[in-house]
4 protein chains.
Amino acid sequence: MSTNEDAAIDAVAQILRGQAGITDWQHDLYRTFHQHPELSNQEVKTAERVAQELTQAGYEVTEKIGTTGVVGVLANGDGPVVLMRADMDALPVQEDTGLDYASTATAEDAEGTTVPVAHACGHDVHVACLLGAARLLAEAKGAWSGTFVALFQPAEEDATGAREMVEDGLAETIPAPDVAFAQHVLAFPAGRVSPHPGPFLSSADSMRITVHGRGAHGSMPQLSVDPVVLASAIVMRLQTVVSREVAPDDFAVVTIGRISGGSKSNIIADRAVLELNIRTFDTAVSDRVIEAIKRIATAEAQASGAPAEPDFELFDHYPLTENDADTTARLTEAFTAHFGEAVEDRGRQSASEDFSDIPTALGVPYSYWGIGGIDPDTYAAAQTKGTVDADIPANHSPQFAPVLEPTLSTGTATIVVAALVWLAPEAHAD
Amino acid sequence: MSTNEDAAIDAVAQILRGQAGITDWQHDLYRTFHQHPELSNQEVKTAERVAQELTQAGYEVTEKIGTTGVVGVLANGDGPVVLMRADMDALPVQEDTGLDYASTATAEDAEGTTVPVAHACGHDVHVACLLGAARLLAEAKGAWSGTFVALFQPAEEDATGAREMVEDGLAETIPAPDVAFAQHVLAFPAGRVSPHPGPFLSSADSMRITVHGRGAHGSMPQLSVDPVVLASAIVMRLQTVVSREVAPDDFAVVTIGRISGGSKSNIIADRAVLELNIRTFDTAVSDRVIEAIKRIATAEAQASGAPAEPDFELFDHYPLTENDADTTARLTEAFTAHFGEAVEDRGRQSASEDFSDIPTALGVPYSYWGIGGIDPDTYAAAQTKGTVDADIPANHSPQFAPVLEPTLSTGTATIVVAALVWLAPEAHAD
Amino acid sequence: MSTNEDAAIDAVAQILRGQAGITDWQHDLYRTFHQHPELSNQEVKTAERVAQELTQAGYEVTEKIGTTGVVGVLANGDGPVVLMRADMDALPVQEDTGLDYASTATAEDAEGTTVPVAHACGHDVHVACLLGAARLLAEAKGAWSGTFVALFQPAEEDATGAREMVEDGLAETIPAPDVAFAQHVLAFPAGRVSPHPGPFLSSADSMRITVHGRGAHGSMPQLSVDPVVLASAIVMRLQTVVSREVAPDDFAVVTIGRISGGSKSNIIADRAVLELNIRTFDTAVSDRVIEAIKRIATAEAQASGAPAEPDFELFDHYPLTENDADTTARLTEAFTAHFGEAVEDRGRQSASEDFSDIPTALGVPYSYWGIGGIDPDTYAAAQTKGTVDADIPANHSPQFAPVLEPTLSTGTATIVVAALVWLAPEAHAD
Amino acid sequence: MSTNEDAAIDAVAQILRGQAGITDWQHDLYRTFHQHPELSNQEVKTAERVAQELTQAGYEVTEKIGTTGVVGVLANGDGPVVLMRADMDALPVQEDTGLDYASTATAEDAEGTTVPVAHACGHDVHVACLLGAARLLAEAKGAWSGTFVALFQPAEEDATGAREMVEDGLAETIPAPDVAFAQHVLAFPAGRVSPHPGPFLSSADSMRITVHGRGAHGSMPQLSVDPVVLASAIVMRLQTVVSREVAPDDFAVVTIGRISGGSKSNIIADRAVLELNIRTFDTAVSDRVIEAIKRIATAEAQASGAPAEPDFELFDHYPLTENDADTTARLTEAFTAHFGEAVEDRGRQSASEDFSDIPTALGVPYSYWGIGGIDPDTYAAAQTKGTVDADIPANHSPQFAPVLEPTLSTGTATIVVAALVWLAPEAHAD
């Protein structure tokens, strides 16, 4: 281990000495965010609180970049510029965790429907950890030098927030970073950290298929083209895209997240809607899958004798998240020095993210890592029973509920450790 | 033809002489109802207008029987009591007729969702015709004697309105009828009338099936039990109930009018809902169908490895509408005497109605007939092309649009003709 | 009751007095036919035995009309000519009745495949009854006058035998009949008889659909177009023809009797075959159904990305069997006079027959009736338990097993009774 | 490059100088095998010819090891023992290549059905190459020393041949090998070679599912439990095993290679059979898949109201083929030295093999590689058009047709090159 690394370890230790002092504040913050989730591009109160906390910690704050985005910049002398990003939005999910701080919030979604809202994806963890790390760095400015940029992004869940911040002038708002980071809480034991070089998160596309039938009274099917049967036939047939058309060695997911047709048991409606999500690690596979979906839906409409072809609308495109090998190697070394055996490359994840739109636009290398959020004892028990998949609710589940600790303290420390690889006094020579 | 019948014909002619004078008023009424449809049990403005018109015509009016039900009684000397019923409620359908008086209304449905509302079932025709006939009878009291009861029922579309009026004291509100009638506008040529003895409208049941899956991130299907796939598999399998389990000579309809699962393309939800409608003319068939549906949905949940069995909820039960043979024979004779070849028994209908709950509760014979609502030339053209099913929108279709005439004048005259079979001066001896 | 009818009853009684004397012979005959079933157009031994028995009874016999058809003519003085037909062929079914005279026969079918053969449709009953009646009539020639034609038809099961007999010169072989009859043993209590005027048996068409995929190694689905998945998708989608496209008041059956694709678990084949059977009582419905089937199969091939459209081949067309009203009325009266309450019109049957090709070609009225074949006690027990459908194996089931008595004696007597309506001495005046 | 390697290269060159002299003989051999394919465990004539050729070349030959297996041993002084295996059996496939030496053979399969037979998997290539290499090695004994074992295995296609040879005393028949090889012709350009370390071929299991329905006449579906619909529903539902239950990063294939139900369009049969093939690279995945298949088939039988649960029968188990890393590295180096850029690791293959049962039983390291069989120009043209998957028939396709050259000469050379890594005079020191 080099002197530089020793210096970074010392500096990290010095900064993290402040953790004990911010625990109550951070837990309160987390519970507040958790209990008051906001949908994509509606993160108004979350952003206000974020800006207020950053300002209080001494950051120079810019608000409302790309709807509700917030950036805090802490310039602390010479040295590299490190950007850390957290996403702020929640999901239209009815929380079912039984927590005393569970969300009961509702909101109007983009189509004007009132929906439940919950932090079922754990973005509240990301926000609380980044605010914690930002505060610790501000409170120990003597231990490092350079510039730390804390970026809070809206609308990750519909893949628009990162791009909107870029398009709204992010590059002119912050100093040019040397490196960019992001992290995500995942369904593995809290306290653990998972860095991974290369492709880490899949690309994703969403597709809305509207099928057209012919409405009729529910008692006269012979006068109708039944859109519920048509939509269901498409769902069943779409299973063959992954099972028969994609090579078994290629990664592909086709999820139909939403189906909706008709309003009443005794009326045959004249249309139905499917909303699909497509994940791959390879554009050729993605193209083949999208083509197959269109072929199947079009043919099923013909099988039904539908009066019109289906409408296809692609939306929520997520880029591939491909971690820079060198950056990730340096992070992995630093994480391992700090966390020891808790660091393990758990492999690429099937989820997707729009984070990479930011470093790609800014032209900087990036790395994105996972942190655990599940109570270690609970996880170990499920592992012993072989019931991890069944018993441990994962992200987006109504039961997804990260334990406060060691999730928050670990997620906070990872940011400090990662930042200090670049910002430790002796690291600048690298 | 007997003297009685001649007398009835004369009386009818005398009353219907008033039709020319009420046409503008009736058309205005109809357009107003059509443009301002109200959902089941929300027929407040419709009921107010009905009550106002009946009062103005000289009827003794009782309001708010079973939520919004209205009854007008015109006692006109000795003689039988004839009850005619019209239903007032509209449907959660987005009208797509292109009419200049098309509905753009919306309302909150029973679950608090804002939905479009339209008279896609033609109840506005029923109300306008009954108000017209009520006025004509009031304006020609010299031509008949007895009592005419004009009953305006709420909530036919959820099968509760008739029963609610009965339970809210209908029997105590009106004189005991000798006979009860109802009619429905259907997708055959306007100007035509279709009486039918015996079973005329099917019994119907609705069933809500809630299937339980396990929610997960859209990219991790292996952690989920996908409720959209489960619901779709049930839809496809339910087709076999009619195609394989019901004898081909037995009448049965299983329509899945509504399917709903998930809220977002990239989240696998933890449940989905199907709403079914079941029609038969035979309780044994109905029992077998319901049992088969439960068996299939339960087994499909097992095929999915679902964490819980589906929930089944029966609702909106409609009784069989079985026209009294003798009453219908008398009506058919009178209709034929008046309308000539325009009268034809077009057979039983697959639709359902709760009307019969009223005469059944009151212990009186009843008959329910159909009147045409489609422009005769349009219908004839479609018939020539063999495209009636494809080109003529039927009840509950967003494009269902009865022509004003001869629909309204015919629907009005049928009531007068029917009533006079009992109320013509010489008819009382029967 | 007229004198004629009394005379007929006397004559019937006189003829049937012979039944006791032929029982052993008839039971032996039946068991022999049952144990040695022959496929369509392979009824060589059956026909030989039939010809031998007819000859022995004094009939003038012609063999090999339309492959293996046999006709016996007994001219017995002046009077009408009555034709009674029995069909001789068996089915490629593995008998599973447990009877000590069960068939263990196999044969090569038309495609050269070795298949099991069994009288799972009961044609052995028809042959044994007609031979019995033919003998009784021959033994009591004094009780009647006219001509009795006993016709034994091949290949009813593939709808070709009747037409082939006609085309092979049947009209030139036999005297012109005045009336023609046929009967079928069905899954209702033995001893009972079911005549029915008007449409009695459905029209039927068979269709072979060959779908084309692309073969590949079983481990490389992405290189294939999987014909097993394609065929299965078609099967599931075809259920919607009856459940959604045919009016619930119209009779239609779409059965996929055979599916066959692939030869080995680990090879994806390049084609699969479906064999369908379509039943209706109405050509318009039949046309709509066939069109829908083609539309669905074609579209499903497109959904699979199939390299070619499916091939469609119609075969085994069965005409509608529509009983002459007057003839049936006379039969019903005579059956009721003889069998009393055992006669009941059990309604039209969904099965099909090519028998009517014969009277249609000959220009004579006809009637076709059903006789019961199930042990009355077994049937009654199932009825009490409400398990008739589950417990009573019907025609074409591997477990279908008519009881010898009273099936054979009743089926024999029906023929005598029917014939005597025309052939009783006093009946000629009619 | 070491002296040893140079020596091996010299020795290889010396041996392969004989290739020109055996080309006509080898092409004749190949065409003969191709035109006279034999099913698994019926490779009698193939084995006879193999034994005859080996004997003629000077090998000590043992026949009928495990039904039709043949081993030839050529002891040539001191040195390692190298075993090379070829499989001899063909498939029940109707060849559709249009070649003038295409197979028109038929045979009785294990169930007594007459089926077409073809070398659709290319085992004829394997046999011809190994006989060629065996002859070349025998003709140039001065160029190497040690022992070469040429093993010809029956019944690879049903996964039994390797095990049967082991159980029939293979270890006692041949000297203990130091290393074992096998190769397979695949659908990539002829002339190319693809070695791969680690897991190379998947494990595979076949499963027969017999579903039980209730037979009935085709016109009476209500009396039946339709096994064709049941089997088809299972096929559609099984697609969800791979699409929803297996993690998208895990390899799994579920192919239903055979479906068979019913014998006639108008009979509803009482059972249907599915034959599945399951491929994975991981026992845990395989277990999960098999469990899911059973769960789905059992539940679908319940959905149909089937009278009995399905029967499940596992057969044709293939082990994982996992190439020894060190052995494969040495082969790859030698192949590259000889073939240059034609050598490329094309990754693991989804196919399966029972070859590894032999080295596993003998306790020796092994490596299995692929050789191309497609005309390079044809392949390049398809690649340019992006239609490789559609245009290039793969193994088990009726159109699979390796080009004679450079397929046979390359496949022959690979064996010599591989053997000489161990058997070149200077290689023994390794």
Side-chain angles (χ1 to χ4, degrees), chain B residues 209 211 213-252 266 268-269 280 282 284-285 288-289 291-307 309-310, chain D residues 209 211 213-252 268-269 280 282 284-285 288-307 309-310:
Chain B
I209 306 178
V211 296
R214 183 163 53 237
H217 192 281
S219 70
M220 290 178 264
Q222 75 277 18
L223 303 183
S224 79
V225 172
D226 188 330
V228 171
V229 169
L230 170 51
S232 299
I234 292 173
V235 170
M236 295 312 290
R237 264 294 209 162
L238 286 181
Q239 305 309 311
T240 65
V241 175
V242 167
S243 70
R244 300 276 88 187
E245 299 200 43
V246 173
D249 249 339
D250 284 334
F251 180 106
N266 68 340
I268 301 173
T280 72
D282 181 332
V285 175
R288 179 165 184 178
V289 166
E291 187 190 0
I293 291 169
K294 288 182 176 174
R295 187 191 72 234
I296 286 172
T298 302
E300 288 298 333
Q302 286 167 355
S304 281
E309 295 209 340
Chain D
I209 306 179
V211 295
R214 184 165 52 238
H217 193 281
S219 70
M220 292 179 263
Q222 75 277 18
L223 302 183
S224 78
V225 171
D226 188 330
V228 172
V229 168
L230 171 51
S232 298
I234 292 173
V235 170
M236 296 313 291
R237 264 294 210 163
L238 286 180
Q239 306 308 312
T240 66
V241 175
V242 167
S243 70
R244 302 275 86 189
E245 299 200 43
V246 173
D249 249 338
D250 284 334
F251 180 107
I268 301 174
T280 71
D282 180 335
V285 174
R288 178 165 185 177
V289 165
I290 289 173
E291 187 189 0
I293 291 168
K294 289 182 175 173
R295 187 191 71 234
I296 286 171
T298 303
E300 289 297 333
Q302 287 168 354
S304 282
E309 296 209 341

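Predicted, not measured: the structure shown is a model, and the values here were computed from it. Here is the naming used below: chain letters follow the sequence lines, and residue numbers restart at 1 for every chain.
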Leading residue by heavy atom contact count with chain D [cutoff under 4.5 Å; candidates B/A233, B/G305, B/P248, B/S304]: B/S304

Name the region of [X], side chain, backbone, both or neither, that has any atom closer than 4.5 Å to a heavy atom of chain D.
X	value
B/I293	neither
B/S243	backbone
B/I268	side chain

Residue pair D/M236 / B/M236, side-chain heavy-atom distance below 4.5 Å: no

Contacts of type salt bridge (charged side-chain N to carboxylate O under 4.0 Å, His left out), residue B/D282, not counting sequence neighbours: none

Distance-minimising heavy-atom pair for B/A303 and D/E300: CB-OE2, 4.1 Å

Under 4.5 Å from any heavy atom of chain B - which part of D/L238: neither

Contacting moiety of D/R237, where chain B heavy atoms sit under 4.5 Å: side chain

Close contacts, residues 219-229 of chain D versus chain B, judged by heavy atoms under 4.5 Å: D/S219, D/P221, D/Q222, D/D226, D/V229

